[in-house]
> 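First the structure, which I've put down as structure tokens, then a few questions once you've had a look.
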2 protein chains.
Amino acid sequence: MALYASGEDYLEAILVLQRKMGAVRSVDLSRHMNFSKPSISNAVGLLKKGGFLEVDGNGSLLLTDLGREVAEQIYERHQFFTRQLIAAGVDEKLAEEDACKIEHAISEESFRKWKAELEG
Amino acid sequence: MALYASGEDYLEAILVLQRKMGAVRSVDLSRHMNFSKPSISNAVGLLKKGGFLEVDGNGSLLLTDLGREVAEQIYERHQFFTRQLIAAGVDEKLAEEDACKIEHAISEESFRKWKAELEG
DNA sequence: CCTTTTTGTTAGCTTACACTAACCTTTGGG
DNA sequence: CCCAAAGGTTAGTGTAAGCTAACAAAAAGG
């Protein structure tokens, strides 16, 4: 079960929301990501099928170990690129936006090495 | 006429091939990018319609001023990210691959500032 | 000069990923 | 207790961007 950019985004958003508000339901994700309920429903179904998350009796989305690992990796990239861009003088909003796209484009190997080089 | 990541890639590839071999036809692009002839044909049609390139009597693809400008912008990003990753110890092949994806993900403003910060 | 190869296009398929419209549940206040 | 709101799903749509199969036209060479 392959994971695409969009799936990574969902996992990252779940992680962020979990940290911010504890339990996370589909509707929270829908509001946070500005995606329609059906889009979320579909994505959650795929992520569940892929073993990245589970849904409990209350409708709360729970990351599996695998899902959490992916989410944390992506979130680390997000923070790194955001920091770098802000340090370069980019305003926070744009830095976040661009980081959000770059984070899916780079391989783990390149990210590790680049981060070590720039923030070592 | 909006330009997407794929369109940027085609323009960049045309620029690179022009520099390497002079005239560039669709079939050269097809071989270089490992895309089927119909995919190229379709993309070239869209880029033509968008005013990014023209096709002369020999089937050579000619970038318009607009097309060249975009191509050069993207190529500059490509080189920047490739350099950065190689400097961080990433091997050339992976650096190229990742640069090729990152180059479409970053905004012009962020790129300019980041490049100035890191290489300025 | 005719045949084979090269080049390009047309038509139609697939997948990822968003959307709306419409429909079920469940929940919760008056 | 019932009706409305909230949460979630189903079904069907659209677009970007790749693909194959099949064909047309042009070039090349025995």
Side-chain angles (χ1 to χ4, degrees), chain A residues 1-14 17-18 21-63 67 70-71 74 97 100-105, chain B residues 1-14 17-18 21-63 67 70-71 74 97 100-105:
Chain A
M1 186 64 62
L3 190 62
Y4 302 95
S6 76
E8 293 177 349
D9 263 332
Y10 284 96
L11 294 176
E12 187 194 1
I14 293 169
L17 284 180
Q18 275 181 353
M21 17 179 288
V24 177
R25 292 159 310 156
S26 286
V27 70
D28 303 318
L29 216 44
S30 174
R31 288 196 261 262
H32 179 75
M33 302 182 81
N34 274 309
F35 287 160
S36 68
K37 289 189 298 166
S39 295
I40 303 290
S41 177
N42 178 58
V44 164
L46 292 173
L47 290 170
K48 201 163 64 173
K49 208 160 65 171
F52 297 98
L53 59 77
E54 275 161 30
V55 186
D56 75 9
N58 297 325
S60 289
L61 306 177
L62 309 171
L63 294 173
V70 172
I74 299 296
E97 263 176 44
C100 215
K101 287 181 285 170
I102 300 171
E103 71 194 22
H104 306 293
Chain B
M1 186 66 59
L3 190 61
Y4 302 94
S6 77
E8 293 178 348
D9 262 333
Y10 285 97
L11 293 176
E12 187 194 2
I14 292 168
L17 284 180
Q18 276 181 352
M21 18 180 285
V24 177
R25 292 160 308 156
S26 287
V27 70
D28 302 319
L29 216 45
S30 174
R31 287 197 261 263
H32 179 74
M33 301 182 82
N34 274 310
F35 286 162
S36 69
K37 290 188 298 163
S39 295
I40 303 291
S41 178
N42 179 58
V44 164
L46 291 174
L47 291 171
K48 202 163 62 172
K49 208 160 67 171
F52 298 98
L53 59 77
E54 276 161 29
V55 185
D56 74 10
N58 298 325
S60 288
L61 307 177
L62 309 171
L63 295 173
V70 173
I74 300 296
E97 263 175 44
C100 214
K101 287 181 285 169
I102 301 171
E103 71 194 22
H104 306 293

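Lettering of chains follows the sequences in order, A, B, ..., and the numbering in each one begins at 1. Computation of the quantities below employed the complete heavy-atom set of this structure, encompassing side-chain atoms and omitting hydrogens, waters and symmetry-equivalent molecules.
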> Quick check: closest heavy atoms across Lys37(A) and Ser30(A), and the distance to 0.1 Å?
N-OG, 3.9 Å

> Which of these, Val44(B), Val70(B), Leu46(B), sits in a side-chain contact (heavy atoms from CB on, under 4.5 Å) with Phe52(B)?
Val70(B)

> Under 3.5 Å, side chain of Asp56(B) to main-chain N/O of Asn58(B), donor-acceptor pair present?
yes

> With the side chain counted from C-beta on, respond yes when Ile14(A) and Leu53(A) share a heavy-atom pair under 4.5 Å apart, and no when they do not.
yes

> Of all heavy-atom pairs between Arg25(A) and Leu61(A), which one has the smallest distance, and what is that distance?
C-CD1, 4.0 Å

> Would you call Ile40(B) and Tyr10(B) a side-chain contact if the rule is heavy atoms closer than 4.5 Å?
yes

> Is the phosphate of dG8(D) approached by Arg25(A) (side-chain N or O, under 4.0 Å from OP1 or OP2)?
no

> Calculate the interatomic distance between Lys48(B) atom NZ and dG8(C) atom P; express it in whole Å.
11 Å

> Rounded to whole angstrom units, what separation is found between the CG atom of Leu47(B) and the P atom of dA16(D)?
13 Å

> Return a single string for nucleotides 15-28 of chain C, one symbol per nucleotide in 5' to 3' order, where B is base contact, S is sugar-phosphate-only contact and - is none, cutoff 4.0 angstrom on heavy atoms.
-SSSBBB-------

> Considering just the side-chain nitrogens and oxygens of Arg31(B), establish if one lies under 4.0 Å of OP1 or OP2 belonging to dT7(C).
yes

> Mind calculating the distance between NE2 (His32(A)) and C1' (dG7(D)) to the nearest angstrom?
19 Å

> To the nearest angstrom, how far is Asp56(A) atom CG from dG8(D) atom C1'?
14 Å

